[in-house]
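A quick write-up on the structure given underneath.
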Amino acid sequence: MGGNSNVKLISDDGIRIDGRKVDELRPIRIEAGVLKRADGSAYVEFGKNKVLAAVYGPRECHPRHMQNPAKAIIQCKYNMIAFSVNDRKRPGPDRRSVEISKIISEAFEYVVFTENFPRTSIDVYIEVLQANAGTRCAGLTAASVALADAGIPMRDLVPSVAVGKVNDQVVLDLQKEEDNFGQADLPIAMIPRTGEILLMQMDGHMTRAEFDRALELGVGACKRIYDLQKDALARRYSVEKTDEEQPDEGAPADAQEG
Amino acid sequence: MGGNSNVKLISDDGIRIDGRKVDELRPIRIEAGVLKRADGSAYVEFGKNKVLAAVYGPRECHPRHMQNPAKAIIQCKYNMIAFSVNDRKRPGPDRRSVEISKIISEAFEYVVFTENFPRTSIDVYIEVLQANAGTRCAGLTAASVALADAGIPMRDLVPSVAVGKVNDQVVLDLQKEEDNFGQADLPIAMIPRTGEILLMQMDGHMTRAEFDRALELGVGACKRIYDLQKDALARRYSVEKTDEEQPDEGAPADAQEG
Amino acid sequence: MGGNSNVKLISDDGIRIDGRKVDELRPIRIEAGVLKRADGSAYVEFGKNKVLAAVYGPRECHPRHMQNPAKAIIQCKYNMIAFSVNDRKRPGPDRRSVEISKIISEAFEYVVFTENFPRTSIDVYIEVLQANAGTRCAGLTAASVALADAGIPMRDLVPSVAVGKVNDQVVLDLQKEEDNFGQADLPIAMIPRTGEILLMQMDGHMTRAEFDRALELGVGACKRIYDLQKDALARRYSVEKTDEEQPDEGAPADAQEG
Amino acid sequence: MARAVMSEIKKDHIHKLLAKGRRVDNRAWDEFRPITIQPGYIETAEGSARVKVGNTDVLVGVKMTIGEPFADTPNKGVLSTNAELIPMASPNFESGPPDENSIELARVVDRGIRESQMVDLEALCIEPEKEVWIMFTDMYVLDYDGNLFDAAFLGAIAALNNTMVPAKANDRGDDYPLPIRHMPISVTAVQIENSILVDPTLDEEKVAEARLTVTTDENGDLRAMQKGLAGAFTLDQIYKCVETSQRLGNDLRKLIG
Amino acid sequence: MARAVMSEIKKDHIHKLLAKGRRVDNRAWDEFRPITIQPGYIETAEGSARVKVGNTDVLVGVKMTIGEPFADTPNKGVLSTNAELIPMASPNFESGPPDENSIELARVVDRGIRESQMVDLEALCIEPEKEVWIMFTDMYVLDYDGNLFDAAFLGAIAALNNTMVPAKANDRGDDYPLPIRHMPISVTAVQIENSILVDPTLDEEKVAEARLTVTTDENGDLRAMQKGLAGAFTLDQIYKCVETSQRLGNDLRKLIG
Amino acid sequence: MARAVMSEIKKDHIHKLLAKGRRVDNRAWDEFRPITIQPGYIETAEGSARVKVGNTDVLVGVKMTIGEPFADTPNKGVLSTNAELIPMASPNFESGPPDENSIELARVVDRGIRESQMVDLEALCIEPEKEVWIMFTDMYVLDYDGNLFDAAFLGAIAALNNTMVPAKANDRGDDYPLPIRHMPISVTAVQIENSILVDPTLDEEKVAEARLTVTTDENGDLRAMQKGLAGAFTLDQIYKCVETSQRLGNDLRKLIG
């Protein structure tokens with residue numbers, strides 16, 4: 001958040017620099033099952049963001065002292081690759097990615113039926129290949145599809161999106177320039193079936209009215225992303241049926257529904 | 001030790017820049033039982049030094065390969081917090097604190113009845129909140145009280161003080177300017193009951209006669225600090241009796257006496 | 001490899017700057033059993049290279065998850081000490097030494113009868129005390145003698161040497177200036193008894209004909225180094241017999257022969 | 001900081017009391033524990049404060065040095081915020097580099113200071129592109145009994161409020177107080193079986209399903225939020241937390257000089 | 001990357017087929033799996049390529065910044081090559097700093113680029129002793145099914161071939177393509193019970209006794225070699241690998257722009 | 001370096017002999033093992049020495065580079081001392097960054113050099129506040145059989161005594177010997193059941209209750225001390241150690257050039 005509201009990012013007609021309206025999402029593309037080795041995987045684009053997610057597990061949990069005898073632990077690692085941003089990012093976790101990994105892990109701990117897999121670890125890897133603001137939301141969206149692709153039972157899929165404030169207006173799904181020069185950023189993730197908020201962060205400056213409007217916009221957008229997640233899994237499932245002739249293997253579909 | 005004896009730190013009347021005589025300690029304040037979570041704790045001021053010590057244990061020793069089947073191990077960590085010195089100190093152990101932690105751990109290994117608690121670890125944390133020369137001695141003095149406060153049986157309390165050489169004179173309990181521009185530094189810790197030396201380091205330059213005089217001064221001062229340690233524990237114990245009505249819980253007093 | 005063929009390193013008479021012919025080794029000195037604590041050890045000089053190797057094991061393998069229930073693992077650590085090179089090298093492994101350690105470990109995994117010692121580790125330490133090009137070959141040569149000195153049964157001793165290309169000529173056993181300004185470097189290690197190549201790396205630029213010539217030179221030189229390795233072990237063995245009067249303790253000799 | 005296990009009996013006790021609308025220490029759901037703030041606790045720091053919220057004890061210090069600005073903000077001072085969950089404070093804290101818990105704590109406090117524009121960073125520029133003040137805020141947890149976010153944030157703003165820029169010692173003119181523009185306050189609540197409880201103790205945190213920290217300024221505007229733990233909040237619960245933060249923030253703000 | 005254990009049945013299967021001169025996926029001993037190269041895959045990089053060799057999937061990006069040259073090469077750009085075997089790619093890869101496997105991979109690719117003089121490093125000097133271009137080549141393994149050396153090397157040369165020096169954004173004149181002088185290609189073969197197999201799959205690697213990577217240039221000259229794994233090669237096997245690399249290298253070279 | 005366990009039989013043996021006033025290797029209580037010093041052992045170092053004290057074998061090298069002085073000592077060279085307890089030297093030494101034992105060793109040697117003002121650091125200033133010589137003393141333990149402190153210290157002073165400042169190679173005039181002002185010598189003794197033993201072997205160290213290193217100069221003045229291990233010394237024992245150090249120091253000093 002540069003907090004610099006002098007940079008004009010929204011035209012007088014309410015059109016943003018990439019041509020979107022204030023309540024419009026970037027083009028979103030979701031594909032499930034894009035990697036061979038991982039137990040589940042997904043590829044997501046939110047505009048110019050390119051994000052891969054892979055899931056391994058439930059598998060034996062190392063180191064052993066981290067095992068929970070009552071349930072699986074979720075270990076999510078969010079990472080930006082070195083050339084995903086303009087200035088090369090040194091490989092390895094920085095403080096930002098440690099925090100994001102933690103809050104995404106916590107979010108999935110709630111939706112995955114972890115009690116089904118005691119003593120195991122479910123490992124979720126999110127790699128941001130190309131970044132353009134909103135990577136944690138794109139990553140969470142991708143990881144959720146990858147978990148379903150891995151056949152891991154969940155309460156629901158988890159869509160995620162950021163809302164923000166730019167030029168004193170509440171806008172949906174900030175891209176890079178808007179994020180750099182905007183006034184507030186509010187990433188959320190939700191459980192569509194119950195309407196509960198699973199992840200929420202905010203920084204910048206919003207009045208109470210702006211916050212309420214932002215939350216409303218975000219919740220609406222999450223529902224649209226949810227549909228795209230379900231579509232991707234449905235395509236994946238139908239492809240699998242055709243390709244591999246396994247009409248009985250319903251794990252991804254199951255996962256998607258509950 | 002700057003070794004620069006040109007800076008005049010003692011007046012012709014034998015008075016030091018903070019008004020003390022050469023054989024005078026700084027004002028010392030000792031309080032036992034100052035933290036809630038720790039099993040034992042103490043707060044110590046030596047002049048402008050402010051030091052906290054906390055003890056956890058005897059508790060299970062991790063990692064397991066460090067366990068000693070015959071006795072407890074003492075793991076002391078001495079640390080200066082980032083803003084305890086003029087130039088901010090990066091958090092995390094540096095070589096100096098590693099060495100000090102080691103020699104303090106060794107000192108306590110001798111006085112604690114470690115054979116009473118096989119396979120356990122007794123963890124001693126010393127945090128220097130504000131530093132003004134002599135922090136290892138203040139820390140050791142505090143840690144000893146914290147061990148007693150935790151009810152851990154010991155041969156004796158361990159008082160500690162540094163003696164030094166400034167302007168070609170042997171002086172007790174150097175403060176910061178004296179340490180920076182002094183000619184020698186000799187921190188010691190002792191077991192008052194037996195008169196044995198438990199910790200001794202020296203650097204700088206001392207003749208044999210100066211060394212003998214320094215040792216004599218230090219041993220005398222340790223006895224005075226010992227009394228203050230015992231007072232602090234007595235106060236703590238009487239407070240506990242009043243507050244919590246536990247006239248039978250004699251651990252701190254026991255520890256203090258043996 | 002500077003690849004700079006303008007620096008004249010071979011005279012018109014085919015003589016190199018240290019007086020050698022293109023197919024001549026540097027003076028080589030090999031001594032077995034030079035350290036007391038290690039189970040086996042060797043000291044090797046290739047010209048100005050000074051290299052020590054020590055072997056510990058077979059011994060219990062830590063950490064346990066690295067144990068192989070079917071055989072011993074070989075853990076070789078190649079290291080250059082801080083003042084072995086012109087610009088002080090920071091202590092600790094760098095990427096180069098990690099790679100060299102890996103390929104040397106792999107080489108010895110083949111020649112040592114690891115299946116004789118399941119679940120153990122055989123630890124090989126190579127310390128380059130003074131470096132002058134070809135240290136990995138000198139180190140491998142030393143380590144092989146140290147393994148034999150430790151009485152560890154092997155298929156064969158492993159001699160090693162580098163061949164290179166300097167001033168468009170293929171030359172044996174590059175020293176430092178030749179390595180700095182040469183055009184190609186080809187370190188090899190072999191099993192003399194079978195003629196097999198156990199280690200091979202190459203960088204720079206060689207035609208196919210040059211490569212064939214280099215390999216031929218290297219194989220021939222390895223055989224000469226092999227003889228020196230056997231001599232060193234024979235001397236070590238005879239010394240031991242004399243010194244310690246243990247005519248029956250044939251481990252080093254056994255190792256040497258099979 | 002693996003979330004420590006707690007006895008089932010203690011857990012039940014908290015749950016049963018909550019069912020009757022009560023807390024273990026008899027506080028109201030929106031009541032903080034007693035708070036003490038000792039500003040200027042450390043002489044070697046440019047600013048400092050020791051803050052106790054109940055038994056939770058945090059020491060915060062501010063150090064300032066001169067350095068180069070970031071390339072993209074050539075006329076602004078630099079802020080660096082660090083939290084140390086030292087093993088002195090809890091049997092569950094371990095020695096070593098900051099783990100995910102201390103990183104999250106530091107980053108949430110940092111955003112609360114930075115994004116609220118609490119400190120006028122432009123006033124910390126000495127010469128654009130060349131020299132600015134670098135401000136290190138280090139937070140040490142000395143005794144841990146829950147609600148670190150609010151205790152650390154209170155400590156940080158109290159320490160900043162108390163900081164003198166050491167210009168004189170650096171040959172840059174006279175010392176002056178750190179230019180403070182806003183006074184954001186964070187209020188943290190947890191959700192336990194659909195109840196919202198402000199300023200949770202450690203025992204309450206262990207039972208809690210979800211945590212929400214809301215930071216508001218003197219106008220009641222939102223400056224930062226952070227949801228934590230594995231559970232979820234309904235929208236109504238979020239609105240309740242926001243309103244509580246606005247209301248209690250005003251009371252807490254009065255505690256800072 | 002501990003060499004993962006593989007079932008005895010799978011192992012036997014590979015061995016039995018090999019005895020009949022066949023591979024599990026019906027390829028000839030000197031046949032690569034299908035290769036796809038997507039140059040320019042990442043917009044935020046100065047050059048990039050995503051390369052698949054069978055199921056092995058590698059993403060390579062090149063970033064360039066301005067920095068100081070090394071003291072001993074004052075008029076040459078600096079090359080830095082890094083490989084990340086991220087845990088996404090294999091259940092046997094772990095998070096953390098590069099281990100010996102990624103270091104070996106990075107160094108072999110680096111030497112293949114550097115010692116072959118593929119890039120004209122002198123053309124990357126801006127001002128001798130002062131300013132040169134620093135070129136970071138980062139290779140990420142996304143999906144691992146064997147033969148990383150060749151997949152990563154193909155990715156690296158495809159990305160370099162595709163790299164624009166970002167002079168304009170750095171106020172150093174107009175952008176220009178990275179000056180490429182040679183086009184080395186690496187070909188890796190393994191030995192299994194005295195058979196030589198090019199482009200091994202992961203299963204073949206697990207069974208393999210020794211590995212040899214040979215890098216040749218457009219003239220068929222040798223530019224780099226690396227022997228790996230615990231076994232040994234006869235001289236004849238080495239000559240066979242060299243000749244195969246020369247022959248297949250010419251085919252692979254055509255895949256790059 | 002966990003203090004290795006030793007067999008009870010060996011322990012008893014040492015104790016029984018001591019009761020009769022004898023040591024396992026028949027030395028007197030105040031007698032060093034045979035000492036050999038090879039100065040200039042390494043050509044790539046500015047100074048070096050390999051020192052054996054009995055079977056304990058230490059290699060010390062000195063490297064010098066030009067760098068900036070510390071702000072508080074603008075006219076003095078910089079001294080950096082490092083000890084490596086490499087796993088070659090003992091089955092109990094492990095690879096990795098310096099542990100507390102090597103740090104203590106390095107720091108004790110460092111203070112012995114620094115605080116004794118052995119080297120004239122002002123003569124290592126090239127231009128105040130700008131350029132001084134940085135002197136790295138690296139000590140490698142090659143074979144460990146007790147009394148590292150004295151072996152390492154002997155190695156360090158022998159190497160320093162042998163060091164030529166590499167001015168010529170750095171375009172700073174002619175090379176010159178490092179300016180040595182004092183020749184401090186450390187003598188280490190251990191206490192075993194109230195006996196004092198100088199220059200302990202590894203077996204003696206394992207049995208020892210307390211260790212004391214006393215460093216004295218050519219005038220018999222004290223320059224550094226370090227007490228180690230878990231036991232305690234009486235004042236009389238300390239005086240005895242000091243006097244022994246003064247006496248033996250004079251003998252050892254003769255071994256250095």
Side-chain angles (χ1 to χ4, degrees), chain A residues 1-4 65-66 68-70 73-74 87 93-103 105-112 114 155-156 158 165 180 183-191 194-212 214-216 218-219, chain D residues 2-3 5 71-73 76 80-83 97-108 110-117 121 182 184 191 209-217 219-239 241-243 245-246:
Chain A
M1 294 292 100
N4 187 340
H65 70 83
M66 295 198 50
N68 186 326
I73 64 165
I74 310 272
D87 292 330
D94 55 13
R95 292 165 67 92
R96 177 179 169 276
S97 63
V98 168
E99 184 194 354
I100 294 176
S101 297
K102 178 175 191 283
I103 58 171
S105 299
E106 289 174 343
F108 283 121
E109 210 178 307
Y110 187 65
V111 288
V112 170
T114 53
R155 282 174 219 286
D156 203 352
V158 181
K165 180 177 161 188
N180 287 348
Q183 295 156 293
D185 186 28
L186 175 82
I188 65 167
M190 67 181 293
I191 305 173
T194 65
E196 287 171 301
I197 297 296
L198 200 51
L199 177 146
M200 183 159 71
Q201 297 182 292
M202 183 254 166
D203 56 60
H205 185 182
M206 275 185 176
T207 64
R208 173 63 199 271
E210 287 164 347
F211 172 71
D212 290 2
L215 207 48
E216 186 195 330
V219 166
Chain D
R3 283 183 78 196
V5 182
D72 53 349
T73 51
K76 286 188 180 182
S80 171
T81 310
N82 181 52
D99 69 354
E100 55 174 23
N101 296 291
S102 49
I103 287 174
E104 186 189 16
L105 174 59
R107 286 178 56 83
V108 167
D110 183 86
R111 287 197 296 264
I113 296 168
R114 184 187 305 273
E115 304 295 346
S116 71
Q117 307 186 331
L121 292 181
H182 295 288
Q191 190 222 113
E209 289 141 33
R211 187 190 67 226
L212 187 63
T213 301
V214 178
T215 305
T216 56
D217 65 18
N219 303 315
D221 290 350
L222 282 91
R223 293 295 189 162
M225 299 178 76
Q226 181 87 348
K227 188 252 155 189
L229 304 186
F233 283 100
T234 63
L235 292 180
D236 283 345
Q237 287 172 333
I238 287 171
Y239 295 134
C241 289
V242 168
E243 280 148 24
S245 174
Q246 290 170 318

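Lettering follows sequence order; numbering is per chain, from 1.
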What part of A:Ile197 gets closer than 4.5 Å to chain D, counting heavy atoms only: side chain, backbone, both or neither?
both
Counting only heavy atoms closer than 4.5 Å, note whether A:Leu198 contacts chain D via side chain, backbone, both or neither.
both
Name all residues meeting the side chain to side chain donor-acceptor pair (under 3.5 Å) criterion together with D:Gln246; count only those two or more places apart in sequence or in a different chain, and write none if there are none.
none
If you count heavy-atom pairs under 4.5 Å with chain D, which of A:Lys102, A:Met190, A:Met206 comes out on top?
A:Lys102
Specify which of A:Glu196, A:His65, A:Glu210, A:Met66 makes the most heavy-atom pairs with chain D at under 4.5 Å.
A:Glu196
Of D:Gln226, D:Arg223, D:Gln237, the largest count of non-hydrogen pairs under 4.5 angstrom with chain A goes to D:Arg223
Leading residue by heavy atom contact count with chain A [cutoff under 4.5 Å; candidates D:Glu100, D:Lys227, D:Arg107]
D:Arg107
Engaged part of [X] at the chain A interface, taking heavy atoms whose separation is under 4.5 Å:
{"X": "D:Pro184", "value": "neither"}
{"X": "D:Asp217", "value": "side chain"}
{"X": "D:Asn82", "value": "both"}

Just by modelled atom types, is the A:His205 backbone N or O under 3.5 Å from a matching donor or acceptor in the A:Lys165 side chain?
yes
Assess whether a salt bridge exists between D:Arg111 and D:Glu104, defined as any Lys/Arg side-chain N lying under 4.0 Å from an Asp/Glu carboxylate O.
no
Electrostatic pair A:Arg95:A:Glu99 at N-O distance under 4.0 angstrom
no
Return the CG to CZ distance between A:Leu186 and A:Phe211, rounded to the nearest 0.5 Å.
6.0 Å
Nearest 0.5 angstrom please: D:Thr216 OG1 to A:Arg208 CZ, how far?
11.5 Å
D:Ala232 to A:Ile191 - nearest heavy-atom pair and separation
CB-CD1, 4.3 Å
